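Starting from 1, each residue takes its place in the sequence as its number. Just so we're clear, the structure is a prediction, and the values are computed from it rather than from any experiment. What you see below is based on every heavy atom in this structure, not just the backbone, and it leaves out hydrogens, waters and symmetry mates.
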Amino acid sequence: MLEVSGGLRDSKNKKILIIVGAVLLVAVAGYFFWQYLVAKSDPTAANKETVTRVTDQVKAILQVPSDEEPQVATVTNADKLKDQPFFAGVQKDDYLIVYQKAKLAILYREKDRKLINVDHVELTPNQN
């Protein structure tokens with residue numbers, strides 16, 4: 001008789017565990033879906049977070065201008081840039097950070113937390 005009730009208890013525990021696991025799975029999936037919807041509705045928020053994160057990392061390595069917000073671009077096709085001297089060591093997902101007023105360009109690799117290149121740039125207005 002004792003074994004039967006113990007078996008029933010184990011069965012109940014398994015069911016409870018499965019239910020709790022399913023609820024947690026749905027909650028986690030819901031959270032990530034919500035984050036996806038927020039990012040999709042306001043892509044500039046995700047971009048601002050990236051700019052802040054990357055520039056804070058660069059500030060820890062290099063003194064950069066504090067009086068201007070830089071332009072930040074992600075390298076998506078390194079092969080197109082490798083023939084230009086500034087981009088000689090570039091890799092996909094590196095960041096190009098440009099401070100226009102200071103005329104400073106920085107090539108930064110976040111995964112290694114490493115400056116790849118830093119140079120003075122002369123920016124010309126677009127004639128389009």
Side-chain angles (χ1 to χ4, degrees):
M1 198 59 129
L2 192 53
E3 289 180 22
V4 173
S5 66
L8 288 175
R9 193 174 322 143
D10 288 344
S11 177
K12 276 186 176 180
N13 287 342
K14 286 180 184 177
K15 287 180 183 178
I16 291 172
L17 228 88
I18 289 172
I19 291 170
V20 168
V23 169
L24 285 174
L25 183 64
V26 168
V28 169
Y31 170 77
F32 284 111
F33 182 69
W34 177 257
Q35 292 297 317
Y36 166 76
L37 289 178
V38 168
K40 188 176 177 182
S41 67
D42 187 9
T44 59
N47 188 34
K48 287 178 186 177
E49 288 177 19
T50 300
V51 168
T52 300
R53 184 187 71 243
V54 170
T55 54
D56 285 349
Q57 291 173 9
V58 170
K59 286 176 187 177
I61 301 169
L62 180 70
Q63 185 173 351
V64 295
S66 58
D67 62 339
E68 71 175 296
E69 188 73 24
Q71 299 293 317
V72 178
T74 305
V75 175
T76 56
N77 189 342
D79 292 333
K80 287 185 177 181
L81 302 170
K82 287 188 177 185
D83 60 340
Q84 300 176 39
F86 180 80
F87 294 101
V90 72
Q91 292 180 2
K92 183 181 182 301
D93 296 327
D94 285 352
Y95 290 97
L96 173 63
I97 305 161
V98 178
Y99 290 89
Q100 291 184 357
K101 287 193 309 189
K103 299 180 180 179
L104 178 67
I106 302 166
L107 189 57
Y108 176 69
R109 184 164 303 137
E110 184 178 27
K111 67 180 179 182
D112 297 335
R113 303 254 173 147
K114 181 178 177 182
L115 297 175
I116 306 305
N117 202 349
V118 178
D119 205 351
H120 177 78
V121 291
E122 288 295 327
L123 302 171
T124 57
N126 193 348
Q127 298 287 328
N128 290 344

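Residue pairs satisfying the side-chain hydrogen bond (donor to acceptor under 3.5 Å, both in side chains) criterion with at least one member in residues 78-94, sequence neighbours excluded, are listed as follows: Q91-R109, Q91-K111, D94-R109.
For the pair L104 and V118, the minimum side-chain heavy-atom distance is below 4.5 Å. Side-chain contact between V20 and I16 is present, with heavy atoms from C-beta onward closer than 4.5 Å.
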Hey, can you pull the donor-acceptor pairs under 3.5 Å for the side chains in residues 95-102, sequence neighbours left out?
unit_1 : atom_1 : unit_2 : atom_2 : d
Y95    : OH     : R53    : NH2    : 3.4

Please table the atom pairs, donor to acceptor, closer than 3.5 Å between any side-chain atom in residues 54-67 and protein atoms at least two apart or in another chain.
unit_1 : atom_1 : unit_2 : atom_2 : d
T55    : OG1    : V51    : O      : 2.6
T55    : OG1    : T52    : O      : 3.2
Q57    : OE1    : Y108   : OH     : 2.8
Q57    : NE2    : E110   : OE2    : 3.1

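With values rounded to the nearest 0.5 angstrom, D119 atom CG is found 11.0 Å from I106 atom CD1.
Closest non-hydrogen pair, N117 versus F86, comes out as ND2-O, 3.0 Å.
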